[in-house]
Q: 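Structure provided below as structure tokens; questions to follow.
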Amino acid sequence: MKKLVLGAMLGASLLAMASTASAAVEINIFGASAQNDYWNTAAPLYLAAPVANGGMGCDPATVAKANRYYDKGGVWTKDKKMGIAKGDNCAGAGGDTVYIQYTAVASFEGPRSVYGVDPDNLDSCSDNPAYDDHYREMIDETSCDFAIGECSAKACKDVTIGASDVAAESFTQSSTGCINGHVDCSEVLDISLTPDTIPTAGLDTYRPIVVPFRFFVSDNLATAGINNLTRLQAVLLFNGNVTNWSQFGPSYPNLGTVICLRHAGSGTHATLDKAVMRGDYPLASVQIVPPPFNPTGQVIYFNESSSNLMDCVNDLGGKSAATHGAVGYADADKNAAGTWPNVVNVTYNGVDALQDHIKNGVYSFWSAQWIYEDPTEPNYAVTHPIVQSMMAYSSIAANIPASKAPYWVAKNDLNVTKGTDFVLPKF
């Protein structure tokens with residue numbers, strides 16, 4: 001009965017909003033990289049779904065999505081961190097057009113962007129006096145050709161929703177190292193986070209889906225028989241305590257460890273800290289590169305995005321497969337398409353990162369995401385009913401995109417709970 005009442009309330013809110021809707025409504029989502037592909041996949045499904053089923057009721061023939069393409073050295077290259085979907089004649093918006101776009105950076109930027117802070121000027125919009133700190137660089141929808149799925153320009157956009165894999169108080173990590181491991185040292189990041197650097201007071205919050213994570217190893221380790229990590233092994237590896245895989249015993253290969261981590265501010269990194277490390281050991285926080293006279297020495301690299309981390313595992317942090325084996329972590333379906341051919345999924349404590357294992361308390365490396373919305377935003381009266389509708393739609397198991405269903409879990413389908421990021425799941 002409660003679900004029916006909620007649906008009726010949301011429907012009434014959408015109809016009330018429809019009478020005052022503008023020519024187009026923008027829902028701009030910014031933050032967690034692990035959720036990038038999820039929301040870019042889910043957005044067109046939500047736009048096309050009838051209002052009676054919790055969607056936007058847009059004309060299905062008009063629903064389309066695109067990724068931004070940018071001119072890099074004369075070559076148009078797909079930007080995997082940006083995606084946008086649109087629907088015309090949306091019944092849930094008074095017949096107007098709705099744009100939903102998601103830009104991925106890192107989880108800590110989700111709440112900071114929607115709250116309106118950017119003390120480090122991480123985004124170019126913050127340097128522009130025409131925009132306040134609620135704005136971030138995202139797709140310019142006027143540059144998009146939705147017929148072919150391409151956009152050619154960016155613009156500063158007011159952030160509607162901040163997406164984070166974890167709550168703001170879970171950001172207590174630090175990292176010092178090249179921006180992207182051995183691939184890009186054009187900038188050295190020195191990040192130390194405390195919860196008070198990511199304010200969320202007064203923001204609306206939602207937790208519609210569970211974000212699943214897993215561990216990955218380089219294929220030479222898999223060939224050597226490493227297909228599982230115990231929690232103790234994971235803790236010792238990502239603390240930097242293990243410098244050679246053979247320390248785990250004679251059945252393990254004599255290869256130096258390449259530890260591929262995300263920089264502090266990543267929700268994936270924070271989930272590793274809270275759900276796996278759990279205070280027993282701190283995460284490694286300083287880059288380590290062995291000198292030439294120590295060819296099998298330990299390597300620790302930090303990476304700006306999950307894709308960069310997977311690159312690190314795939315190419316062993318620039319080391320040889322004869323001397324090193326790499327380990328990393330990312331959202332559970334990160335390599336489902338086989339994008340990284342030298343990367344292999346491994347189980348954790350003997351369990352795979354599958355939906356049934358997560359929702360029934362068998363697998364614990366996951367977070368119940370946090371979505372933040374600012375009720376003081378000028379356009380809140382227009383966007384809030386759509387945000388409510390989108391969050392309610394996403395919390396229903398049947399609405400998980402088919403490509404994500406093996407791993408991702410909707411809130412309403414979860415049989416265990418995590419009250420905070422710091423606790424183990426419980427019934």
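As the structure is a computational prediction, the values presented were derived from the model and not from experiment.
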Q: Could you tell me which non-hydrogen atom of Tyr393 sits nearest to which non-hydrogen atom of Gly55, and how far apart they are?
A: CD1-N, 4.1 Å
Q: Atom NZ of residue position Lys411 - does it have more than 12 heavy atoms of other residues, nucleotides or ligands inside 6.0 Å?
A: no
Q: Any Lys/Arg nitrogen of Glu150 or Arg68 sitting under 4.0 Å from an Asp/Glu carboxylate oxygen of the other?
A: no
Q: Are Lys86 and Glu141 ion-paired here, with the side-chain N under 4.0 Å from a carboxylate O?
A: no
Q: Taking the side chain as every heavy atom from C-beta outward, state whether Met138 and Glu26 have any atom pair closer than 4.5 Å.
A: no
Q: Working to the nearest 0.5 Å, report the span between CG of Asn89 and CG of Asp59.
A: 5.5 Å
Q: With rounding to the nearest 0.5 angstrom, report the CG to CG distance, Asn399 to Asp413.
A: 11.5 Å
Q: Could you tell me if the side chain of Ile27 sits less than 4.5 Å from the side chain of Tyr99, heavy atoms only?
A: no
Q: For salt bridge (Lys or Arg N to Asp or Glu O under 4.0 Å), just list the numbers for Glu304 and Arg262, CA-CA rounded to whole Å, side-chain angles, deciding distance to a tenth of an Å, and then say yes or no.
A: CA-CA 6 Å; Glu304 188 179 29; Arg262 291 285 303 280; over 6 Å; no
Q: Does a side chain donor of either Ser395 or Arg207 reach within less than 3.5 Å of an acceptor in the other side chain?
A: no
Q: Looking only at atom types and distance, does a side-chain atom of Gln355 sit under 3.5 Å from a main-chain N or O of Ala405, one as donor and one as acceptor?
A: yes
Q: As a test of understanding, state which of Val258, Val346, Leu229, Ile226 forms a side chain to side chain contact (heavy atoms under 4.5 Å, CB included) with Val327.
A: Leu229
Q: Verify whether one side chain among His134 and Tyr115 offers a donor that lies under 3.5 Å from an acceptor in the other.
A: no
Q: Measuring from atom CG of Asp158 to atom CG of Asp132, what distance do you get when rounded to the nearest 0.5 angstrom?
A: 7.0 Å
Q: Using ring-ring contact (aromatic ring centres under 6.0 Å, His included) as the criterion, list what pairs up with Trp408, not counting sequence neighbours.
A: Tyr38
Q: Taking the inter-plane angle between the rings of Tyr135 and Tyr131 on a 0 to 90° scale, is it parallel (under 30°), tilted (30 to 60°) or perpendicular (over 60°)?
A: tilted
Q: Closer than 3.5 angstrom, by distance alone: can the side chain of Ser389 be matched with the main-chain N or O of Pro385 as a donor-acceptor pair?
A: no
Q: Check Arg112 against Ile198 and note the closest heavy-atom contact, atom names and distance.
A: CG-CG2, 3.7 Å
Q: Looking at Lys157, Lys65, Met82, which hits side chain to side chain contact (heavy atoms under 4.5 Å, CB included) with Gln101?
A: Lys157
Q: Any side-chain heavy-atom pair from Met390 and Pro208 closer than 4.5 angstrom?
A: no
Q: Could you label the plane-to-plane angle of the Tyr348 and Phe215 rings as parallel, tilted or perpendicular, counting under 30° as parallel and over 60° as perpendicular?
A: perpendicular
Q: Output side-chain donor-acceptor pairs under 3.5 Å for residues 361-368, partner residues at least two apart or in another chain, one line each.
A:
residue, atom, partner, partner atom, Å
Tyr363, OH, Phe213, O, 2.7
Trp366, NE1, Tyr363, O, 3.0
Ser367, OG, Asp165, O, 2.9

Q: Roughly how far, to the nearest 0.5 Å, is the CG atom of Asn308 from the CG atom of Asp184?
A: 8.5 Å
Q: Is the backbone N or O of Thr97 less than 3.5 Å from a side-chain atom of Asp88, with the two atoms forming a donor-acceptor pair by type?
A: no
Q: Under a 3.5 Å distance rule, please check whether Ser164 uses its side chain to pair with a backbone N or O of Ala167 as donor and acceptor.
A: no
Q: Would you call Lys154-Asp140 a salt bridge at under 4.0 Å N-O?
A: no
Q: Are Asp331 and Lys404 within salt-bridge range, i.e. N to O under 4.0 Å?
A: no
Q: So Lys334 and Ser306, do their side chains get closer than 4.5 Å, heavy atoms only?
A: yes
Q: Do side-chain atoms of Asn40 reach the backbone of Asn36 as a donor and acceptor pair under 3.5 angstrom?
A: yes
Q: With a 4.5 Å heavy-atom cut-off, do Ile371 and Thr205 have their side chains touching?
A: no
Q: Go through the structure and list residues passing salt bridge (charged side-chain N to carboxylate O under 4.0 Å, His left out) with Asp190, not counting sequence neighbours.
A: none
Q: List the steps and the verdict of side chain to side chain donor-acceptor pair (under 3.5 Å) for Lys81 and Ser307.
A: CA-CA 10 Å; Lys81 295 184 179 182; Ser307 293; over 6 Å; no
Q: Asn228 vs Thr347, test: side chain to side chain donor-acceptor pair (under 3.5 Å). Steps then yes/no.
A: CA-CA 5 Å; Asn228 175 68; Thr347 56; 2.7 Å; yes
Q: Could you tell me whether the side chain of Val299 reaches within less than 4.5 Å of the side chain of Thr257, counting heavy atoms only?
A: no
Q: Donor-acceptor pair, distance only, cut-off 3.5 Å: does the side chain of Gln287 make one with the backbone of Cys178?
A: yes
Q: Roughly how far, to the nearest 0.5 Å, is the OG1 atom of Thr62 from the CZ atom of Phe146?
A: 10.0 Å
Q: Whether Asp421 and Lys418 form a salt bridge (side-chain N of Lys/Arg under 4.0 Å from carboxylate O of Asp/Glu) is what I want to check.
A: no
Q: Verify ring-ring contact (aromatic ring centres under 6.0 Å, His included) between Phe30 and Tyr102, making sure each step is shown before the conclusion.
A: CA-CA 6 Å; Phe30 196 82; Tyr102 191 100; 8.2 Å; no
Q: For the backbone of Gly110 and the side chain of Ser113, can you confirm whether one donor and one acceptor N or O come within less than 3.5 Å of each other?
A: yes
Q: Within the 4.5 Å heavy-atom criterion, are Ile100 and Leu47 side-chain neighbours or not?
A: yes
Q: Kindly say whether Ala330 contributes a backbone atom to a donor-acceptor pair with the side chain of Thr268 at under 3.5 angstrom?
A: no
Q: Given side chains that start at C-beta, do those of Tyr380 and Asp374 come closer than 4.5 Å, heavy atoms only?
A: no
Q: For the CD1 atom of Ile396 and the CD1 atom of Ile209, what is their distance to the nearest 0.5 Å?
A: 13.5 Å
Q: Does Asn345 offer a backbone N or O that forms a donor-acceptor pair with the side chain of Arg214 under 3.5 Å?
A: no
Q: Angle between ring planes, Tyr206 versus His384, binned at 30° and 60°: parallel, tilted or perpendicular?
A: tilted
Q: Any donor and acceptor pair, going by atom type alone, linking the side chain of Asn335 with main-chain N or O of Trp340 inside 3.5 Å?
A: yes
